[in-house]
Peer 1: 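I'd like to ask you about the structure that follows.
Note that this is a predicted model, so its numbers are computed, not measured.
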Protein chains: 2
Amino acid sequence: MAEETIMSAEDSGLDALETPCLLLDADRLQANVATMRARLDAHGVVLRPHLKTAKSLDVARVAMASAAGPATVSTLREAEYFAAGGVRDIIYAVGIAPQKLERVGRIRRLWPVDLAIVLDSLEQAEAVAAWGRHSGDRLPVLIEVDADGHRSGVNPADAARLAAIGRILDAGAILRGVLLHAGDSYGLNEPNALRAAAEAERVAAVTAAAALRSAGLPCPVVSVGSTPTARYAETLDGITEVRAGVFMIGDLFQAGVGSCAVDDIALTVLTTVIGHQREKGWIITDAGWMALSRDRGTARQPVDQGYGLACDRDGIPYPDLIVSDANQEHGILALRKGAKARLPELSIGTRLRILPNHACATGAQHDRYHVIAGGRLTGAVWPRINGW
Amino acid sequence: MAEETIMSAEDSGLDALETPCLLLDADRLQANVATMRARLDAHGVVLRPHLKTAKSLDVARVAMASAAGPATVSTLREAEYFAAGGVRDIIYAVGIAPQKLERVGRIRRLWPVDLAIVLDSLEQAEAVAAWGRHSGDRLPVLIEVDADGHRSGVNPADAARLAAIGRILDAGAILRGVLLHAGDSYGLNEPNALRAAAEAERVAAVTAAAALRSAGLPCPVVSVGSTPTARYAETLDGITEVRAGVFMIGDLFQAGVGSCAVDDIALTVLTTVIGHQREKGWIITDAGWMALSRDRGTARQPVDQGYGLACDRDGIPYPDLIVSDANQEHGILALRKGAKARLPELSIGTRLRILPNHACATGAQHDRYHVIAGGRLTGAVWPRINGW
């Protein structure tokens, strides 16, 4: 048994890594991207992958249609990083603050990138238009529309407000279209409800686009995006692009929603057993919340995965063994409450892999991915960025 | 009003910063350290500050007795960083994995640092002793003792196991003593219960030390540490050092426990208003969970602070205005449920500061601190590290 374990370790190459660290399964990444691309191709809709999950140029090159994009980002730091890496068509999909316009303009001057911004108020539109007239750089702008009451955006039924914002932009910017994110779909887990959420997002987008066009304004882009609605949409009529992001990596939360299977998840945290509290049924590892993130999103789902699901070094989940609690640099593995499985005997030094609740949050705790293909470390290390 | 706001902005210098970012109040940091140092000096006990919260050499130099330490770290990356920065007395206070011994040895060769490690099992002790005999570097080791069933450590009543581990270490390492962390004190909020937790930690430590000494083994160091028990201990007889960490910065969770006041918290996240959903009473900012962390520790306390408490740019909390929800790069500010306060009118572009739930988790989302003293930005930027 011990010899087999050592052989397996040498085979996969994982023993050479310091733990905790991120492993990215390139086979699964490619398969997840191919599935989403085929789905959107069938709808005749562009995939504009959201790069906020991976924050890696290497991952982006797998996910994007070409090295030039298109792509979506969540920070201007990402915009700079991906523009420097050759991406030429980017939407910064978080509502713009007037203080950030100089930096947007600088990015557009430094690189030949079509960097578009997003807003949902008259105040922002006026600031952007004034900046455009002053600087001479008319910024491409999408008006954010509220698909489901989740977060930001203009009510799609408020045609007057949409038109008012659109007219201000038309006079000092480039009105590019409308953008929505059906974030409330993350709270669902039933296929019919997910199909309905996708259709509601589509209808809201098309309604808002029609409001702009009825006012004589342009609306070439109708952009929607969330991984669950991208997975469940039955029609995307009237939509020009989809901005899903987490789909390319997947996580336990998305598996709980139904956006992917556990076996699709491309990201794991490699960890080492550092202790036991046998009378409590605890196995202590060196992957605490610092390595896994504090995300407990699955706590609200029917299957609570704790801070993550424990797998062996080959990525095969142990039955019902979860990270039941986490301190900063300690993970506590225990069987799920009520589980019939037996606690595996995992001696000090054993390498394990933890499937994460939330790929965006877990990834952000790290600065690189160690790439696996064909079940082995390839030796490739893909850097990733953080910060703003 | 608008003019006053602009004047205040120019006064403090905060408008020059990109948001979101971390602000560190050096006055509060120094006061928190002075208070803890005075408390431990009165007990005649050494402060060995835990640097896992700040992960910054600049902060460490405020917190440590001298530029050489002593100090506590949670990762070997921290050990390398602080050793390179001149710290000469460090405990790596997470149970050692055998695979990490080479790196421990490398750190001890590269810098003249007394780097000690921690373990709680016969298997680990055997691995460390074997490594010591093989390498010729006998590592200083503390045996981790379980103060309260929170995480790792040998039961302090298990004198036989303590002595067995101690004897193995005595033959191939340097048995430095015992180390405890009363982590369950984080779940308390009542002074008498906190005093009792501190006394239980002390008694467990002294009991374990006595077990080693009775077996004829050395135990020069008796190390305890958690911010709540350090704050509430009435006696530290038999203890040689305290390893508190978060005390120097403070956070809303510690305020909920009673370890600090809200006005002691030295860390805030500077953010900018980027939108409103007025009919819902929401103010949207650019500090989402990526900037604040996913930590929701206060959800288990009597006062749930959401993802953080909103303050004006001078750091004065708005009554009952919390980050009620957070997406990756969006914070949603709303009044606490049942609050009588009115939602402040905060226009697009307004700068705010968010007090964090958990300084360790929020800090880890960032790579630098912008330092404030006397209510103004000093211009100093203190880098901080992450990773392993």
Peer 1: Considering residues at least two apart in sequence or located in another chain, which fulfil the ring-ring contact (aromatic ring centres under 6.0 Å, His included) criterion with A:H366?
Peer 2: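 A:H366: ring-ring contact (aromatic ring centres under 6.0 Å, His included) contacts with B:W388.
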Peer 1: Please state whether the side chain, the backbone, both or neither of B:R278 comes within less than 4.5 Å of a heavy atom of chain A.
Peer 2: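 Side chain only.
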Peer 1: Quick one: of A:G149, A:P98, A:G297, A:A93, who has the most non-hydrogen atom pairs under 4.5 Å with chain B?
Peer 2: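 Option with the top pair count is A:G149.
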Peer 1: Is it the side chain or the backbone of B:R351 that comes within 4.5 Å of chain A heavy atoms, both, or neither?
Peer 2: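 Only the side chain of B:R351 comes within 4.5 Å of chain A.
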Peer 1: Among B:I332, B:D325, B:N327, single out the residue with the greatest number of heavy-atom pairs under 4.5 Å to chain A.
Peer 2: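 Counting heavy-atom pairs under 4.5 Å, the top option is B:N327.
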Peer 1: Identify which of A:H150, A:E279, A:E123, A:H276 forms the greatest number of heavy-atom pairs closer than 4.5 Å to chain B.
Peer 2: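 Result: the option with the highest number of such pairs is A:H150.
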Peer 1: Taking 4.0 angstrom as the limit, do B:D286 and A:K100 come out as a salt bridge?
Peer 2: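 A:K100 and B:D286: salt-bridged.
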Peer 1: Under 4.5 Å from any heavy atom of chain A, what part of B:S74 do you find: side chain, backbone, both or neither?
Peer 2: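 Both backbone and side chain.
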Peer 1: Go through the structure and list residues passing side-chain contact (heavy atoms from CB on, under 4.5 Å) with A:D304, not counting sequence neighbours.
Peer 2: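 Checked A:D304 against side-chain contact (heavy atoms from CB on, under 4.5 Å); matches are A:R296, A:T298, A:A299.
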Peer 1: A:T75 versus chain B, heavy atoms under 4.5 Å apart: side chain, backbone, both or neither?
Peer 2: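 Contact with chain B involves the side chain of A:T75 alone.
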Peer 1: Can you tell me which of A:E144, A:M290, A:R368 forms the most heavy-atom pairs within a distance under 4.5 Å of chain B?
Peer 2: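 It is A:M290.
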Peer 1: To the closest 0.5 Å, what do you measure between CG (B:D367) and CD1 (A:I385)?
Peer 2: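 Rounded to the nearest 0.5 Å, the CG-CD1 separation comes to 11.0 Å.
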Peer 1: Most heavy-atom pairs under 4.5 angstrom with chain A, which of B:R151, B:E18, B:R103?
Peer 2: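 If we count pairs closer than 4.5 Å to chain A, B:R151 comes out on top.
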Peer 1: With a 4.5 angstrom heavy-atom cut-off, which part of B:Q365 approaches chain A: side chain, backbone, both or neither?
Peer 2: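 Both parts, backbone and side chain.
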Peer 1: What part of B:D295 gets within 4.5 angstrom of chain A, counting heavy atoms only: side chain, backbone, both, or neither?
Peer 2: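 Interface part for B:D295: both.
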Peer 1: Judged by atom type as modelled, is there a donor-acceptor pair below 3.5 Å linking the side chain of A:Q99 to the main-chain atoms of B:G349?
Peer 2: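 Yes, because the side chain of A:Q99 sits within donor-acceptor range (under 3.5 Å) of the backbone of B:G349.
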Peer 1: Please lay out, stage by stage, how A:H358 and B:R294 fare under the test side-chain contact (heavy atoms from CB on, under 4.5 Å).
Peer 2: CA-CA 11 Å; A:H358 188 171; B:R294 267 295 198 195; 3.9 Å; yes
Peer 1: With the side chain counted from C-beta on, respond yes when B:I274 and A:V94 share a heavy-atom pair under 4.5 Å apart, and no when they do not.
Peer 2: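 Yes. Closest side-chain heavy atoms under 4.5 Å.
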Peer 1: By a 4.5 Å heavy-atom criterion (distance strictly below it), what part of B:S152 contacts chain A: side chain, backbone, both, or neither?
Peer 2: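 Both backbone and side chain of B:S152 come within 4.5 Å of chain A.
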Peer 1: A:Q328 side chain to B:C360 main-chain N or O, any donor-acceptor pair under 3.5 Å?
Peer 2: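 Not a single qualifying donor-acceptor pair exists.
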Peer 1: Under a 4.5 Å heavy-atom cutoff, which of A:A364, A:A127, A:G275, A:A361 has the most pairs with chain B?
Peer 2: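 The answer is A:A361.
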Peer 1: Using a strict cut-off of less than 4.0 Å between a Lys/Arg side-chain nitrogen and an Asp/Glu carboxylate oxygen, indicate whether B:E329 and A:K52 qualify as a salt bridge.
Peer 2: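 The answer is no: the pair does not qualify as a salt bridge.
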Peer 1: For the interface with chain B, which of A:G153, A:S293, A:G183, A:S347 has the highest count of heavy-atom pairs at distances below 4.5 Å?
Peer 2: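 Heavy-atom pair counts peak at A:G153.
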